[in-house]
There are 2 protein chains.
Amino acid sequence: MQHQYQKLKDLLKKKIQKGTYKPGEVLPSEHELRAQYKLARFTVRQALDELVKEGYITKHKGKGSIVSERKRKALGLFSIKGFSAVVGEAEGSVKTVFLKKPYKVKWGDDFFYPLSPEEKQKGAICLERIRSVNDSPVMLEYTYVPANEVPLLKESDFVHNSLFETLHVKFNIDIGTAEQELVATGATREIAKVFGIKAGAPVLHVYRKYHTNRPGFFIYSSFYCHTGKYSIGNVFQ
Amino acid sequence: MQHQYQKLKDLLKKKIQKGTYKPGEVLPSEHELRAQYKLARFTVRQALDELVKEGYITKHKGKGSIVSERKRKALGLFSIKGFSAVVGEAEGSVKTVFLKKPYKVKWGDDFFYPLSPEEKQKGAICLERIRSVNDSPVMLEYTYVPANEVPLLKESDFVHNSLFETLHVKFNIDIGTAEQELVATGATREIAKVFGIKAGAPVLHVYRKYHTNRPGFFIYSSFYCHTGKYSIGNVFQ
DNA sequence: CAGTGGTCTAGACCACTGG
DNA sequence: CAGTGGTCTAGACCACTGG
(Lines give C-alpha, C1' and ligand atoms only; values in the text may rest on other atoms or scores of the structure.)
Protein backbone atom coordinates (compact mmCIF):
# COMPACT_ATOMS: atom_id res chain seq x y z
CA MET A 1 0.00 0.00 0.00
CA GLN A 2 1.29 3.38 -0.98
CA HIS A 3 1.54 6.16 1.56
CA GLN A 4 -0.77 9.13 1.55
CA TYR A 5 1.91 11.62 0.67
CA GLN A 6 3.06 9.46 -2.25
CA LYS A 7 -0.47 9.30 -3.61
CA LEU A 8 -0.82 13.07 -3.38
CA LYS A 9 2.62 13.55 -4.92
CA ASP A 10 1.82 11.30 -7.90
CA LEU A 11 -1.53 12.98 -8.36
CA LEU A 12 -0.03 16.47 -8.41
CA LYS A 13 2.83 15.31 -10.62
CA LYS A 14 0.35 13.97 -13.17
CA LYS A 15 -1.59 17.24 -13.11
CA ILE A 16 1.63 19.11 -13.79
CA GLN A 17 2.63 16.74 -16.58
CA LYS A 18 -0.83 16.98 -18.17
CA GLY A 19 -0.74 20.75 -17.95
CA THR A 20 -3.59 21.16 -15.47
CA TYR A 21 -1.06 23.20 -13.53
CA LYS A 22 1.15 25.09 -15.98
CA PRO A 23 4.73 26.32 -15.53
CA GLY A 24 4.78 29.61 -13.67
CA GLU A 25 1.37 29.01 -12.12
CA VAL A 26 0.80 28.72 -8.39
CA LEU A 27 -0.36 25.37 -6.99
CA PRO A 28 -3.26 25.33 -4.52
CA SER A 29 -1.89 26.36 -1.14
CA GLU A 30 -0.96 23.78 1.48
CA HIS A 31 -4.07 24.74 3.39
CA GLU A 32 -6.27 24.20 0.35
CA LEU A 33 -4.70 20.84 -0.47
CA ARG A 34 -5.10 19.87 3.18
CA ALA A 35 -8.81 20.63 3.07
CA GLN A 36 -9.37 19.21 -0.40
CA TYR A 37 -7.74 15.83 0.23
CA LYS A 38 -8.55 15.64 3.94
CA LEU A 39 -4.94 15.24 5.04
CA ALA A 40 -2.82 16.76 7.77
CA ARG A 41 -0.67 19.63 6.63
CA PHE A 42 2.41 17.61 7.46
CA THR A 43 1.38 15.04 4.87
CA VAL A 44 0.73 17.71 2.25
CA ARG A 45 4.14 19.21 2.95
CA GLN A 46 5.80 15.83 2.54
CA ALA A 47 4.25 15.47 -0.91
CA LEU A 48 5.23 19.00 -1.95
CA ASP A 49 8.78 18.61 -0.63
CA GLU A 50 9.22 15.55 -2.83
CA LEU A 51 8.03 17.52 -5.83
CA VAL A 52 10.59 20.20 -4.97
CA LYS A 53 13.33 17.57 -4.78
CA GLU A 54 12.27 16.18 -8.15
CA GLY A 55 12.30 19.64 -9.65
CA TYR A 56 8.61 19.99 -10.44
CA ILE A 57 7.93 22.99 -8.22
CA THR A 58 9.68 25.64 -6.16
CA LYS A 59 8.26 26.96 -2.90
CA HIS A 60 8.22 30.59 -1.84
CA LYS A 61 7.33 31.81 1.60
CA GLY A 62 4.36 34.13 1.51
CA LYS A 63 3.65 33.35 -2.15
CA GLY A 64 3.08 29.67 -2.68
CA SER A 65 4.38 26.73 -4.70
CA ILE A 66 5.16 27.59 -8.27
CA VAL A 67 5.31 25.04 -11.08
CA SER A 68 8.79 24.95 -12.62
CA GLU A 69 9.47 25.51 -16.27
CA ARG A 70 9.35 22.34 -18.33
CA LYS A 71 11.76 19.76 -16.95
CA ARG A 72 14.65 18.70 -19.11
CA LYS A 73 14.89 15.20 -20.54
CA ALA A 74 16.64 12.82 -18.20
CA LEU A 75 19.67 10.88 -19.30
CA GLY A 76 20.29 8.51 -16.47
CA LEU A 77 20.35 10.87 -13.53
CA PHE A 78 21.82 13.44 -15.85
CA SER A 79 19.97 15.65 -18.22
CA ILE A 80 21.01 16.93 -21.60
CA LYS A 81 21.16 20.29 -23.20
CA GLY A 82 21.92 21.46 -26.66
CA PHE A 83 25.50 22.55 -26.48
CA SER A 84 25.60 25.49 -28.87
CA ALA A 85 24.23 27.84 -26.24
CA VAL A 86 24.85 25.49 -23.31
CA VAL A 87 21.40 26.43 -22.10
CA GLY A 88 17.99 26.85 -23.64
CA GLU A 89 18.39 24.68 -26.71
CA ALA A 90 15.53 22.32 -27.41
CA GLU A 91 16.18 18.73 -26.45
CA GLY A 92 15.66 15.89 -28.83
CA SER A 93 14.48 12.33 -28.43
CA VAL A 94 16.56 10.15 -26.17
CA LYS A 95 17.03 6.50 -27.10
CA THR A 96 18.75 3.72 -25.19
CA VAL A 97 20.06 0.69 -27.06
CA PHE A 98 21.66 -2.44 -25.63
CA LEU A 99 25.00 -3.12 -27.30
CA LYS A 100 24.63 -6.78 -26.42
CA LYS A 101 22.57 -9.00 -24.17
CA PRO A 102 23.13 -8.47 -20.43
CA TYR A 103 25.79 -10.91 -19.25
CA LYS A 104 27.31 -12.16 -16.04
CA VAL A 105 30.80 -11.07 -15.02
CA LYS A 106 33.12 -11.70 -12.13
CA TRP A 107 34.47 -8.43 -10.92
CA GLY A 108 38.18 -8.21 -10.38
CA ASP A 109 40.34 -6.41 -7.88
CA ASP A 110 40.81 -3.62 -10.38
CA PHE A 111 37.16 -2.57 -10.21
CA PHE A 112 36.76 1.18 -9.96
CA TYR A 113 35.07 1.18 -6.54
CA PRO A 114 36.11 -1.03 -3.62
CA LEU A 115 33.74 -3.97 -3.22
CA SER A 116 32.60 -5.88 -0.17
CA PRO A 117 33.49 -9.60 0.05
CA GLU A 118 29.79 -10.42 -0.48
CA GLU A 119 29.69 -8.39 -3.66
CA LYS A 120 32.87 -9.97 -4.98
CA GLN A 121 31.55 -13.44 -4.34
CA LYS A 122 28.25 -12.74 -6.06
CA GLY A 123 29.61 -11.29 -9.27
CA ALA A 124 27.54 -8.95 -11.38
CA ILE A 125 25.32 -8.59 -14.38
CA CYS A 126 26.81 -6.17 -16.87
CA LEU A 127 24.70 -4.02 -19.16
CA GLU A 128 26.37 -2.36 -22.12
CA ARG A 129 24.22 0.42 -23.46
CA ILE A 130 24.44 3.39 -25.77
CA ARG A 131 22.26 6.45 -25.30
CA SER A 132 21.59 8.65 -28.26
CA VAL A 133 20.02 12.06 -28.63
CA ASN A 134 18.47 12.72 -32.02
CA ASP A 135 20.27 9.59 -33.18
CA SER A 136 23.73 10.82 -32.30
CA PRO A 137 25.37 8.72 -29.57
CA VAL A 138 26.22 10.74 -26.48
CA MET A 139 26.79 8.08 -23.82
CA LEU A 140 28.43 4.67 -23.75
CA GLU A 141 27.55 3.08 -20.44
CA TYR A 142 28.63 -0.03 -18.57
CA THR A 143 26.34 -0.76 -15.64
CA TYR A 144 27.11 -3.43 -13.04
CA VAL A 145 24.27 -4.90 -11.00
CA PRO A 146 25.28 -7.44 -8.32
CA ALA A 147 24.01 -10.86 -9.38
CA ASN A 148 21.74 -13.08 -7.23
CA GLU A 149 19.83 -10.02 -6.04
CA VAL A 150 17.97 -9.65 -9.30
CA PRO A 151 17.67 -11.96 -12.32
CA LEU A 152 17.96 -9.60 -15.27
CA LEU A 153 19.43 -11.36 -18.21
CA LYS A 154 17.01 -10.59 -20.98
CA GLU A 155 16.34 -7.25 -22.60
CA SER A 156 12.66 -8.06 -22.42
CA ASP A 157 12.93 -8.11 -18.61
CA PHE A 158 13.19 -4.33 -18.69
CA VAL A 159 10.24 -2.05 -18.09
CA HIS A 160 10.26 0.87 -20.52
CA ASN A 161 13.84 -0.05 -21.34
CA SER A 162 14.82 1.52 -18.01
CA LEU A 163 16.90 -0.25 -15.37
CA PHE A 164 15.79 1.99 -12.51
CA GLU A 165 12.12 1.74 -13.40
CA THR A 166 12.48 -2.03 -13.64
CA LEU A 167 14.13 -2.26 -10.24
CA HIS A 168 11.40 -0.08 -8.78
CA VAL A 169 8.43 -1.82 -10.30
CA LYS A 170 9.57 -5.45 -10.20
CA PHE A 171 11.81 -5.59 -7.14
CA ASN A 172 10.84 -2.60 -5.02
CA ILE A 173 14.41 -1.32 -5.17
CA ASP A 174 14.77 2.45 -5.15
CA ILE A 175 17.80 4.58 -5.76
CA GLY A 176 18.68 6.97 -2.97
CA THR A 177 21.84 8.94 -3.45
CA ALA A 178 24.62 8.48 -5.95
CA GLU A 179 28.26 9.43 -5.79
CA GLN A 180 30.28 10.03 -8.89
CA GLU A 181 33.80 10.78 -10.03
CA LEU A 182 34.47 12.82 -13.14
CA VAL A 183 37.50 12.53 -15.35
CA ALA A 184 38.26 14.16 -18.68
CA THR A 185 40.17 11.78 -20.86
CA GLY A 186 41.10 11.07 -24.47
CA ALA A 187 38.83 8.66 -26.35
CA THR A 188 40.24 5.22 -27.08
CA ARG A 189 39.79 3.92 -30.61
CA GLU A 190 36.75 1.85 -29.60
CA ILE A 191 35.06 4.75 -27.86
CA ALA A 192 35.91 7.14 -30.65
CA LYS A 193 34.29 4.75 -33.10
CA VAL A 194 31.03 4.68 -31.15
CA PHE A 195 30.82 8.47 -31.05
CA GLY A 196 32.16 9.05 -34.54
CA ILE A 197 35.03 11.21 -33.29
CA LYS A 198 38.81 11.01 -33.53
CA ALA A 199 40.77 8.80 -31.15
CA GLY A 200 42.24 11.00 -28.41
CA ALA A 201 39.46 13.58 -28.61
CA PRO A 202 38.30 14.71 -25.15
CA VAL A 203 35.50 12.68 -23.60
CA LEU A 204 34.00 12.75 -20.15
CA HIS A 205 34.44 9.56 -18.12
CA VAL A 206 32.11 9.14 -15.14
CA TYR A 207 32.35 6.52 -12.42
CA ARG A 208 29.22 6.15 -10.37
CA LYS A 209 27.98 4.29 -7.33
CA TYR A 210 24.25 4.26 -6.65
CA HIS A 211 22.97 3.62 -3.15
CA THR A 212 19.64 1.80 -2.84
CA ASN A 213 17.05 1.19 -0.16
CA ARG A 214 18.34 -2.39 0.10
CA PRO A 215 21.27 -2.40 2.54
CA GLY A 216 24.57 -3.53 1.06
CA PHE A 217 23.13 -3.45 -2.44
CA PHE A 218 24.79 -0.92 -4.74
CA ILE A 219 24.74 -0.42 -8.47
CA TYR A 220 27.89 0.67 -10.27
CA SER A 221 28.30 2.40 -13.55
CA SER A 222 31.16 3.54 -15.70
CA PHE A 223 30.26 5.66 -18.67
CA TYR A 224 31.76 7.84 -21.35
CA CYS A 225 30.12 10.98 -22.68
CA HIS A 226 30.73 12.74 -25.93
CA THR A 227 30.05 16.35 -25.01
CA GLY A 228 30.74 17.87 -28.39
CA LYS A 229 27.13 18.36 -29.43
CA TYR A 230 25.31 18.00 -26.15
CA SER A 231 26.57 18.91 -22.72
CA ILE A 232 25.76 16.77 -19.75
CA GLY A 233 23.93 18.39 -16.88
CA ASN A 234 22.70 17.69 -13.41
CA VAL A 235 21.22 19.39 -10.42
CA PHE A 236 22.32 18.75 -6.90
CA GLN A 237 22.03 19.54 -3.19
CA MET B 1 17.56 33.91 16.04
CA GLN B 2 18.40 30.43 14.87
CA HIS B 3 15.73 27.76 14.73
CA GLN B 4 15.65 24.88 17.20
CA TYR B 5 16.40 22.24 14.58
CA GLN B 6 19.39 24.25 13.32
CA LYS B 7 20.79 24.49 16.83
CA LEU B 8 20.43 20.74 17.34
CA LYS B 9 21.89 20.06 13.89
CA ASP B 10 24.97 22.21 14.56
CA LEU B 11 25.40 20.66 18.00
CA LEU B 12 25.31 17.11 16.63
CA LYS B 13 27.53 18.05 13.71
CA LYS B 14 30.15 19.39 16.11
CA LYS B 15 29.99 16.20 18.19
CA ILE B 16 30.57 14.18 15.03
CA GLN B 17 33.44 16.39 13.92
CA LYS B 18 35.05 16.23 17.36
CA GLY B 19 34.67 12.46 17.44
CA THR B 20 32.20 12.28 20.32
CA TYR B 21 30.17 10.21 17.88
CA LYS B 22 32.51 8.15 15.73
CA PRO B 23 31.97 6.78 12.21
CA GLY B 24 29.97 3.55 12.32
CA GLU B 25 28.48 4.37 15.71
CA VAL B 26 24.77 4.85 16.29
CA LEU B 27 23.52 8.29 17.32
CA PRO B 28 21.09 8.54 20.24
CA SER B 29 17.66 7.61 18.94
CA GLU B 30 15.14 10.24 17.95
CA HIS B 31 13.23 9.50 21.12
CA GLU B 32 16.31 10.00 23.26
CA LEU B 33 17.23 13.26 21.54
CA ARG B 34 13.65 14.38 21.94
CA ALA B 35 13.77 13.78 25.69
CA GLN B 36 17.31 15.08 26.14
CA TYR B 37 16.79 18.41 24.38
CA LYS B 38 13.09 18.79 25.21
CA LEU B 39 11.97 19.09 21.62
CA ALA B 40 9.16 17.61 19.59
CA ARG B 41 10.16 14.60 17.55
CA PHE B 42 9.38 16.52 14.38
CA THR B 43 12.08 19.03 15.30
CA VAL B 44 14.59 16.28 16.02
CA ARG B 45 13.80 14.67 12.68
CA GLN B 46 14.32 17.98 10.88
CA ALA B 47 17.80 18.24 12.38
CA LEU B 48 18.70 14.63 11.53
CA ASP B 49 17.35 14.94 7.99
CA GLU B 50 19.66 17.89 7.40
CA LEU B 51 22.60 15.84 8.64
CA VAL B 52 21.61 13.10 6.20
CA LYS B 53 21.49 15.64 3.37
CA GLU B 54 24.92 16.93 4.33
CA GLY B 55 26.29 13.40 4.40
CA TYR B 56 27.11 13.15 8.12
CA ILE B 57 24.77 10.28 8.95
CA THR B 58 22.59 7.65 7.33
CA LYS B 59 19.29 6.53 8.83
CA HIS B 60 18.08 2.96 9.02
CA LYS B 61 14.59 1.93 9.99
CA GLY B 62 14.62 -0.30 13.06
CA LYS B 63 18.31 0.37 13.71
CA GLY B 64 19.00 4.05 14.11
CA SER B 65 21.13 6.84 12.67
CA ILE B 66 24.66 5.80 11.89
CA VAL B 67 27.57 8.23 11.61
CA SER B 68 29.10 8.13 8.12
CA GLU B 69 32.72 7.42 7.42
CA ARG B 70 34.92 10.51 7.42
CA LYS B 71 33.69 13.03 4.88
CA ARG B 72 35.90 13.85 1.95
CA LYS B 73 37.52 17.23 1.55
CA ALA B 74 35.29 19.64 -0.24
CA LEU B 75 36.41 21.42 -3.37
CA GLY B 76 33.66 23.89 -4.00
CA LEU B 77 30.64 21.65 -3.91
CA PHE B 78 32.83 18.96 -5.34
CA SER B 79 35.16 16.70 -3.48
CA ILE B 80 38.46 15.28 -4.57
CA LYS B 81 39.94 11.87 -4.65
CA GLY B 82 43.35 10.56 -5.47
CA PHE B 83 42.99 9.33 -8.99
CA SER B 84 45.24 6.30 -9.10
CA ALA B 85 42.55 4.12 -7.56
CA VAL B 86 39.73 6.59 -8.18
CA VAL B 87 38.56 5.82 -4.68
CA GLY B 88 40.15 5.46 -1.28
CA GLU B 89 43.29 7.44 -1.82
CA ALA B 90 44.17 9.85 0.95
CA GLU B 91 43.32 13.44 0.19
CA GLY B 92 45.85 16.17 0.49
CA SER B 93 45.66 19.77 1.58
CA VAL B 94 43.43 21.99 -0.51
CA LYS B 95 44.47 25.58 -1.14
CA THR B 96 42.64 28.37 -2.88
CA VAL B 97 44.56 31.28 -4.35
CA PHE B 98 43.21 34.42 -6.01
CA LEU B 99 44.78 34.93 -9.42
CA LYS B 100 44.05 38.63 -9.13
CA LYS B 101 41.94 40.98 -7.07
CA PRO B 102 38.20 40.59 -7.51
CA TYR B 103 37.04 43.01 -10.19
CA LYS B 104 33.81 44.33 -11.66
CA VAL B 105 32.66 43.17 -15.10
CA LYS B 106 29.72 43.84 -17.34
CA TRP B 107 28.33 40.59 -18.57
CA GLY B 108 27.64 40.30 -22.23
CA ASP B 109 25.06 38.48 -24.29
CA ASP B 110 27.46 35.61 -24.73
CA PHE B 111 27.36 34.66 -21.04
CA PHE B 112 26.96 30.94 -20.53
CA TYR B 113 23.60 31.12 -18.74
CA PRO B 114 20.74 33.42 -19.74
CA LEU B 115 20.54 36.45 -17.47
CA SER B 116 17.60 38.52 -16.31
CA PRO B 117 17.51 42.21 -17.29
CA GLU B 118 18.17 43.13 -13.64
CA GLU B 119 21.28 40.97 -13.57
CA LYS B 120 22.54 42.40 -16.84
CA GLN B 121 22.08 45.93 -15.60
CA LYS B 122 23.86 45.25 -12.34
CA GLY B 123 26.95 43.64 -13.75
CA ALA B 124 29.05 41.28 -11.67
CA ILE B 125 32.09 40.89 -9.52
CA CYS B 126 34.44 38.31 -11.01
CA LEU B 127 36.72 36.14 -8.89
CA GLU B 128 39.55 34.33 -10.60
CA ARG B 129 40.86 31.56 -8.40
CA ILE B 130 43.04 28.51 -8.60
CA ARG B 131 42.52 25.53 -6.32
CA SER B 132 45.43 23.23 -5.67
CA VAL B 133 45.73 19.88 -3.98
CA ASN B 134 49.13 19.15 -2.52
CA ASP B 135 50.35 22.16 -4.45
CA SER B 136 49.32 20.86 -7.85
CA PRO B 137 46.61 22.99 -9.46
CA VAL B 138 43.41 21.08 -10.17
CA MET B 139 40.86 23.82 -10.74
CA LEU B 140 40.85 27.17 -12.49
CA GLU B 141 37.64 28.91 -11.56
CA TYR B 142 35.85 32.06 -12.70
CA THR B 143 33.03 32.98 -10.34
CA TYR B 144 30.50 35.71 -11.12
CA VAL B 145 28.62 37.36 -8.27
CA PRO B 146 26.01 39.98 -9.25
CA ALA B 147 27.23 43.39 -8.13
CA ASN B 148 25.23 45.75 -5.87
CA GLU B 149 23.99 42.79 -3.84
CA VAL B 150 27.29 42.34 -2.06
CA PRO B 151 30.40 44.54 -1.94
CA LEU B 152 33.24 42.06 -2.21
CA LEU B 153 36.20 43.66 -3.81
CA LYS B 154 39.01 42.83 -1.45
CA GLU B 155 40.52 39.48 -0.73
CA SER B 156 40.49 40.39 2.93
CA ASP B 157 36.68 40.58 2.78
CA PHE B 158 36.61 36.80 2.62
CA VAL B 159 36.00 34.65 5.66
CA HIS B 160 38.31 31.63 5.65
CA ASN B 161 39.06 32.42 2.03
CA SER B 162 35.66 30.95 1.20
CA LEU B 163 33.03 32.74 -0.87
CA PHE B 164 30.12 30.66 0.39
CA GLU B 165 31.10 30.99 4.02
CA THR B 166 31.50 34.73 3.53
CA LEU B 167 28.06 35.04 1.97
CA HIS B 168 26.58 33.01 4.80
CA VAL B 169 28.28 34.79 7.68
CA LYS B 170 28.29 38.37 6.43
CA PHE B 171 25.19 38.56 4.28
CA ASN B 172 22.96 35.70 5.39
CA ILE B 173 22.97 34.30 1.87
CA ASP B 174 22.78 30.53 1.62
CA ILE B 175 23.23 28.28 -1.36
CA GLY B 176 20.29 26.01 -2.09
CA THR B 177 20.60 23.91 -5.21
CA ALA B 178 23.04 24.17 -8.05
CA GLU B 179 22.74 23.13 -11.65
CA GLN B 180 25.75 22.33 -13.74
CA GLU B 181 26.76 21.42 -17.25
CA LEU B 182 29.77 19.25 -17.94
CA VAL B 183 31.89 19.34 -21.04
CA ALA B 184 35.12 17.55 -21.83
CA THR B 185 37.34 19.79 -23.89
CA GLY B 186 40.93 20.33 -24.95
CA ALA B 187 42.96 22.74 -22.82
CA THR B 188 43.75 26.10 -24.36
CA ARG B 189 47.34 27.30 -24.06
CA GLU B 190 46.51 29.50 -21.06
CA ILE B 191 44.71 26.73 -19.22
CA ALA B 192 47.40 24.20 -20.08
CA LYS B 193 49.99 26.55 -18.62
CA VAL B 194 48.14 26.79 -15.31
CA PHE B 195 47.93 23.02 -14.96
CA GLY B 196 51.34 22.27 -16.40
CA ILE B 197 49.93 20.07 -19.16
CA LYS B 198 50.05 20.15 -22.95
CA ALA B 199 47.69 22.36 -24.90
CA GLY B 200 44.84 20.24 -26.21
CA ALA B 201 45.05 17.74 -23.36
CA PRO B 202 41.58 16.76 -22.06
CA VAL B 203 40.20 18.94 -19.28
CA LEU B 204 36.79 19.07 -17.69
CA HIS B 205 34.86 22.29 -18.16
CA VAL B 206 31.99 22.93 -15.76
CA TYR B 207 29.35 25.65 -16.02
CA ARG B 208 27.41 26.18 -12.85
CA LYS B 209 24.47 28.21 -11.59
CA TYR B 210 23.93 28.38 -7.84
CA HIS B 211 20.49 29.20 -6.48
CA THR B 212 20.36 31.12 -3.21
CA ASN B 213 17.78 31.92 -0.57
CA ARG B 214 17.63 35.47 -1.96
CA PRO B 215 15.09 35.50 -4.80
CA GLY B 216 16.52 36.45 -8.18
CA PHE B 217 20.06 36.26 -6.83
CA PHE B 218 22.20 33.61 -8.48
CA ILE B 219 25.92 32.97 -8.53
CA TYR B 220 27.55 31.71 -11.67
CA SER B 221 30.76 29.83 -12.13
CA SER B 222 32.78 28.52 -15.02
CA PHE B 223 35.69 26.32 -14.14
CA TYR B 224 38.23 24.00 -15.65
CA CYS B 225 39.49 20.86 -13.93
CA HIS B 226 42.66 18.96 -14.58
CA THR B 227 41.63 15.41 -13.74
CA GLY B 228 44.93 13.72 -14.47
CA LYS B 229 46.05 13.33 -10.88
CA TYR B 230 42.83 13.88 -8.99
CA SER B 231 39.33 13.07 -10.11
CA ILE B 232 36.47 15.37 -9.29
CA GLY B 233 33.60 13.92 -7.32
CA ASN B 234 30.20 14.80 -6.01
CA VAL B 235 27.17 13.25 -4.39
CA PHE B 236 23.64 13.97 -5.43
CA GLN B 237 19.92 13.32 -5.00
C1' DC C 1 10.12 -8.83 22.22
C1' DA C 2 11.55 -3.84 23.07
C1' DG C 3 13.45 -0.27 20.34
C1' DT C 4 14.00 2.08 16.01
C1' DG C 5 12.83 5.31 12.28
C1' DG C 6 8.64 6.36 8.86
C1' DT C 7 4.12 8.07 8.47
C1' DC C 8 0.30 10.77 10.08
C1' DT C 9 -3.07 13.78 12.82
C1' DA C 10 -4.71 18.28 14.58
C1' DG C 11 -3.58 21.78 16.17
C1' DA C 12 -0.38 26.55 16.98
C1' DC C 13 2.52 30.82 16.09
C1' DC C 14 5.67 33.07 13.07
C1' DA C 15 7.88 35.86 9.08
C1' DC C 16 7.12 36.97 4.73
C1' DT C 17 4.69 38.59 0.17
C1' DG C 18 1.38 41.42 -2.05
C1' DG C 19 -2.47 44.30 -2.49
C1' DC D 1 -4.41 43.26 5.68
C1' DA D 2 -5.49 38.22 4.51
C1' DG D 3 -2.89 34.46 2.76
C1' DT D 4 1.32 31.93 2.27
C1' DG D 5 4.93 28.59 3.53
C1' DG D 6 8.37 27.58 7.72
C1' DT D 7 8.76 26.03 12.31
C1' DC D 8 7.06 23.57 16.26
C1' DT D 9 4.24 20.83 19.78
C1' DA D 10 2.33 16.47 21.62
C1' DG D 11 0.58 13.00 20.65
C1' DA D 12 -0.46 8.15 17.63
C1' DC D 13 0.22 3.73 14.90
C1' DC D 14 3.12 1.22 11.82
C1' DA D 15 6.95 -1.84 9.67
C1' DC D 16 11.24 -3.08 10.45
C1' DT D 17 15.75 -4.80 12.86
C1' DG D 18 17.90 -7.60 16.30
C1' DG D 19 18.22 -10.37 20.25
Side-chain angles (χ1 to χ4, degrees), chain A residues 1-12 21 24-53 56-68 118 171-174 176-177 211-217, chain B residues 1-12 21 24-53 56-68 118 171-174 176-177 211-217:
Chain A
M1 183 50 183
Q2 243 190 337
H3 291 118
Q4 306 272 24
Y5 78 89
Q6 287 172 328
K7 281 191 255 176
L8 178 57
K9 181 188 90 172
D10 290 344
L11 196 151
L12 293 173
Y21 302 128
E25 281 182 12
V26 183
L27 281 191
S29 74
E30 298 184 355
H31 173 76
E32 283 173 320
L33 292 170
R34 196 197 114 273
Q36 194 176 340
Y37 297 100
K38 304 200 189 307
L39 297 168
R41 200 173 142 217
F42 172 83
T43 308
V44 172
R45 284 182 63 78
Q46 257 189 109
L48 294 183
D49 287 349
E50 294 246 318
L51 290 176
V52 169
K53 258 203 277 181
Y56 284 94
I57 61 172
T58 55
K59 297 173 105 190
H60 304 273
K61 199 197 293 203
K63 284 205 263 188
S65 300
I66 294 172
V67 179
S68 304
E118 294 75 29
F171 306 101
N172 237 330
I173 295 175
D174 288 307
T177 58
H211 298 240
T212 71
N213 56 346
R214 199 172 286 192
F217 181 62
Chain B
M1 183 50 182
Q2 244 190 334
H3 291 119
Q4 306 273 24
Y5 78 90
Q6 287 172 327
K7 281 191 255 177
L8 178 57
K9 180 188 90 172
D10 289 344
L11 197 151
L12 293 173
Y21 302 128
E25 281 182 13
V26 183
L27 281 190
S29 74
E30 297 183 355
H31 174 76
E32 283 172 322
L33 292 170
R34 198 197 112 275
Q36 195 177 338
Y37 296 100
K38 303 198 189 307
L39 297 168
R41 199 172 144 220
F42 172 83
T43 309
V44 172
R45 285 181 63 78
Q46 255 190 113
L48 294 184
D49 286 348
E50 294 246 319
L51 291 176
V52 169
K53 259 203 277 181
Y56 284 94
I57 60 172
T58 54
K59 298 174 104 191
H60 304 273
K61 198 197 291 203
K63 285 206 262 188
S65 300
I66 293 172
V67 179
S68 304
E118 293 75 28
F171 306 100
N172 237 331
I173 295 176
D174 288 307
T177 58
H211 298 239
T212 72
N213 56 346
R214 200 171 285 192
F217 182 62

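Chain naming here is simple, since letters A, B, ... match the order of the sequence lines and numbering starts at 1 in each.
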Item to check | Atom pair distance, as rounded to whole Å: CG in L51(B) and P in dG5(C) | outcome: 13 Å
Checklist entry - Just how far, in rounded Å, is C1' of dG3(C) from CZ of R34(B)? => result 14 Å
Item to check | Between dG3(D) (C1') and L33(A) (CG): distance, integer Å | outcome: 14 Å
Checklist entry - Applying salt bridge (Lys or Arg N to Asp or Glu O under 4.0 Å), which residue pairs with at least one partner in residues 35-51 of chain A are found, sequence neighbours left out? => result K9(A)-E50(A), E30(A)-R41(A), E30(A)-R45(A), D49(A)-K59(A)
Next on the checklist: Just N and O in the side chain of K63(B): are any of them under 4.0 Å from OP1 or OP2 of dG18(D)?
Outcome noted: yes
Checklist entry - dG3(D) phosphate, OP1 or OP2: any side-chain N/O from S29(A) under 4.0 angstrom? => result no
Item to check | Min side-chain heavy-atom separation L8(A)-L12(A) under 4.5 Å | outcome: yes
Next on the checklist: For a quick test of reading the model: is some side-chain N or O of S65(B) closer than 4.0 Å to OP1 or OP2 of dT4(C)?
Outcome noted: no
Next on the checklist: I'd like to check the side chain to side chain contact (heavy atoms under 4.5 Å, CB included) partners of T43(A); sequence neighbours left out, ordered by chain and number.
Outcome noted: Q4(A), Y5(A), L39(A), A40(A)
Item to check | Stems involving DNA chain C, each a run of at least 3 consecutive Watson-Crick or G-U pairs under 3.5 Å | outcome: C:3-16 with D:3-16
Checklist entry - Using a cut-off of 4.0 Å between protein heavy atoms and nucleotide atoms, how would you tag nucleotides 6-14 of chain C 5' to 3' with B, S and -? => result BBBB--B--
Next on the checklist: When you compare the side chain of H211(A) with that of T58(B), does any pair of heavy atoms fall below 4.5 Å?
Outcome noted: no
Checklist entry - Which atoms form the tightest heavy-atom contact between S65(A) and L48(A), and what is the distance? => result OG-CD1, 4.0 Å
Item to check | I66(A) versus V26(A), closest heavy-atom pair with distance | outcome: CG1-CG2, 4.3 Å
